[in-house]
Amino acid sequence: MGLKTAFLTEAAFRQLVYINLVLQPSALSLDVSKAERAILMLVPLLSLAIKLLKTAIENAVDPVSLDIHV
């Protein structure tokens with residue numbers, strides 16, 4: 001449910017998903033060591049996880065803050 005909501009509501013998350021769809025197969029096709037391949041595959045996935053964490057924090061804090069939210 002959370003991934004679906006993030007995909008539908010967050011443009012940046014969608015962009016990261018599309019980038020991952022290109023980078024993951026590219027990392028598999030490169031002639032590099034196993035450690036380098038692991039790094040090439042984990043960094044884009046880490047960016048997705050960080051974006052989800054950032055979105056979760058924003059959604060938790062926005063209703064509590066006194067600022068006006070659009």
Side-chain angles (χ1 to χ4, degrees):
M1 182 170 157
L3 291 174
K4 181 180 177 182
T5 302
F7 188 81
L8 295 175
T9 61
E10 294 286 331
F13 184 76
R14 279 191 303 274
Q15 292 169 357
L16 287 172
V17 168
Y18 297 141
I19 289 170
N20 270 277
L21 289 175
V22 172
L23 292 179
Q24 295 299 330
S26 299
L28 290 172
S29 67
L30 294 174
D31 185 27
V32 294
S33 70
K34 289 182 181 181
E36 291 169 332
R37 181 169 288 120
I39 292 170
L40 287 171
M41 294 183 78
L42 288 176
V43 169
L45 291 174
L46 185 60
S47 68
L48 283 173
I50 291 170
K51 178 61 183 163
L52 286 173
L53 181 61
K54 178 186 169 293
T55 302
I57 292 171
E58 286 176 348
N59 289 338
V61 171
D62 281 348
V64 177
S65 71
L66 300 176
D67 296 335
I68 297 173
H69 304 289
V70 183

Is the closest side-chain heavy-atom distance between Q24 and L45 below 4.5 Å?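 In contact.
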According to a hydrophobic-cluster definition based on side-chain heavy atoms being under 4.5 Å apart (Ile, Leu, Val, Met, Phe, Trp, Tyr only), do [X] and [Y] belong together?
{"X": "Y18", "Y": "L52", "value": "yes"}
{"X": "L42", "Y": "I50", "value": "no"}
{"X": "L28", "Y": "V32", "value": "no"}
{"X": "M41", "Y": "I19", "value": "no"}
{"X": "L3", "Y": "L21", "value": "yes"}

Specify the closest pair of heavy atoms between [X] and [Y], including all atoms of both residues, with the distance to one decimal.
{"X": "R14", "Y": "T9", "result": "NH1-N, 4.0 Å"}
{"X": "P44", "Y": "L23", "result": "CG-CD1, 3.9 Å"}
{"X": "R37", "Y": "A27", "result": "NE-O, 3.2 Å"}
{"X": "P25", "Y": "V22", "result": "CD-O, 3.5 Å"}

List the steps, then state whether side-chain contact (heavy atoms from CB on, under 4.5 Å) holds for T55 with F13. CA-CA 9 Å; T55 302; F13 184 76; over 6 Å; no
Please round to the nearest 0.5 Å and tell me the distance separating atom CG of N20 and atom CG of L48.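 Answer rounded to 0.5 Å: 4.5 Å.
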Gap separating the OG atom of S33 from the CD1 atom of I39, nearest 0.5 angstrom: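 Between S33 OG and I39 CD1, I get 7.5 Å after rounding to 0.5 Å.
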Can you list the steps and then say if V61 with V64 is a side-chain contact (heavy atoms from CB on, under 4.5 Å)? CA-CA 5 Å; V61 171; V64 177; 5.5 Å; no
Ion pair K54/E58, N-O distance below 4.0 Å: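 The answer is yes: the pair qualifies as a salt bridge.
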